[in-house]
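To start, the structure under review is shown below, and the notes come after it.
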Amino acid sequence: AVVSTQSTGRRVGLARTLMHQLEQISENQKCLFVDLFVRVSNNVAIGMYKNFGYSVYRQIVEYYAGGSAPHSPPDEDAFDMRKALSRDPEGKTLIAKKKVIRTEELFSSG
């Protein structure tokens, strides 16, 4: 799912509330971690998620597609950021086998 807000809805605690609710639901479902993807250029969001306890798990090359029209932005990498939940007290789910992967590797079973 993708969640975004208009500028008037920012800096009012909405992200903190949504992330807290997602984490509580994930805890109730006995998940090991919560993860999210964010553009590597989005320093504000990266800082906010780090303040919420998330860390960069790995980088996904060209996750966000640019456009084919003239003057379209180029493809951009994403950070996969994770936060371990109570079922992973040692944070083992925060250790990536590969720190940089291609998008197609997200969907492979290997």
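Computed from a prediction, not measured in an experiment: that's the story for all the values here. Residue numbers count from 1 along this sequence.
- One finds the OG1 atom of Thr93 at 3.5 Å from the CG atom of Asp88 (value rounded to the nearest 0.5 Å).
- Residues Met81 and Tyr57 are members of separate hydrophobic clusters, defined by side-chain heavy-atom contacts under 4.5 angstrom among Ile, Leu, Val, Met, Phe, Trp and Tyr.
- When all heavy atoms of Arg82 and Asp35 are compared, the pair lying nearest together is CG-CB, 3.3 Å.
- Among all heavy-atom pairs drawn from Leu85 and Ser26, the shortest one is CD1-CB, 3.5 Å.
- Looking at every heavy atom in both residues, Cys31 comes nearest to Arg87 through O-CB, 3.9 Å.
- Val56 and Leu36 fall within the same hydrophobic cluster, defined by Ile, Leu, Val, Met, Phe, Trp and Tyr side-chain heavy atoms under 4.5 Å apart, directly or through other members.
- The nearest pair of heavy atoms linking Glu105 to Arg102 is OE2-N, 2.7 Å.
- Residue pairs meeting the salt bridge (Lys or Arg N to Asp or Glu O under 4.0 Å) criterion with at least one member in residues 70-80, sequence neighbours excluded: Arg39-Glu76, Arg58-Asp80.
- Within 6.0 Å of the CD atom in Glu90, the count of heavy atoms belonging to other residues, nucleotides or ligands does not exceed 12.
- In the hydrophobic cluster analysis, where Ile, Leu, Val, Met, Phe, Trp and Tyr join through side-chain heavy atoms closer than 4.5 angstrom, Tyr49 is grouped apart from Tyr64.
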**Request:** Apply ring-ring contact (aromatic ring centres under 6.0 Å, His included) to Phe79 and Phe37, showing your working.
**Result:** CA-CA 6 Å; Phe79 285 138; Phe37 290 0; over 10 Å; no
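- Applying the salt bridge (Lys or Arg N to Asp or Glu O under 4.0 Å) rule to Glu27 yields no partners; only residues at least two apart in sequence or on another chain are considered.
- The NZ atom of Lys83 lies 8.5 Å from the CZ atom of Phe52; values are rounded to the nearest 0.5 Å.
- Between Val40 and Ile46, the shortest heavy-atom contact is O-CD1, 3.6 Å.
- Counting non-hydrogen atoms of other residues, nucleotides and ligands closer than 6.0 Å to NZ of Lys92 gives a total of 12 or fewer.
- For the side chain to side chain contact (heavy atoms under 4.5 Å, CB included) test with Thr17, the passing option among Met19, Gln21, His20 is Gln21; the others fail.
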**Message:** I'd like to know whether Val61 forms a side chain to side chain contact (heavy atoms under 4.5 Å, CB included) with Ile101, so could you lay out the CA-CA distance, the side-chain angles of the two residues, the decisive distance to 0.1 Å, and finally the verdict.
**Reply:** CA-CA 6 Å; Val61 176; Ile101 66 168; over 6 Å; no
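- Shortest non-hydrogen contact noted between Ala84 and Leu94 is N-CD2, 3.8 Å.
- With rounding to the nearest 0.5 angstrom, the NZ atom of Lys30 is 9.0 Å from the OG atom of Ser86.
- Two different hydrophobic clusters hold Val38 and Val44 under the rule that ILVMFWY side chains link at heavy-atom gaps under 4.5 Å.
- Atom-to-atom distance recorded for Ile60:CD1 and Lys98:NZ is 10.5 Å, nearest 0.5 angstrom.
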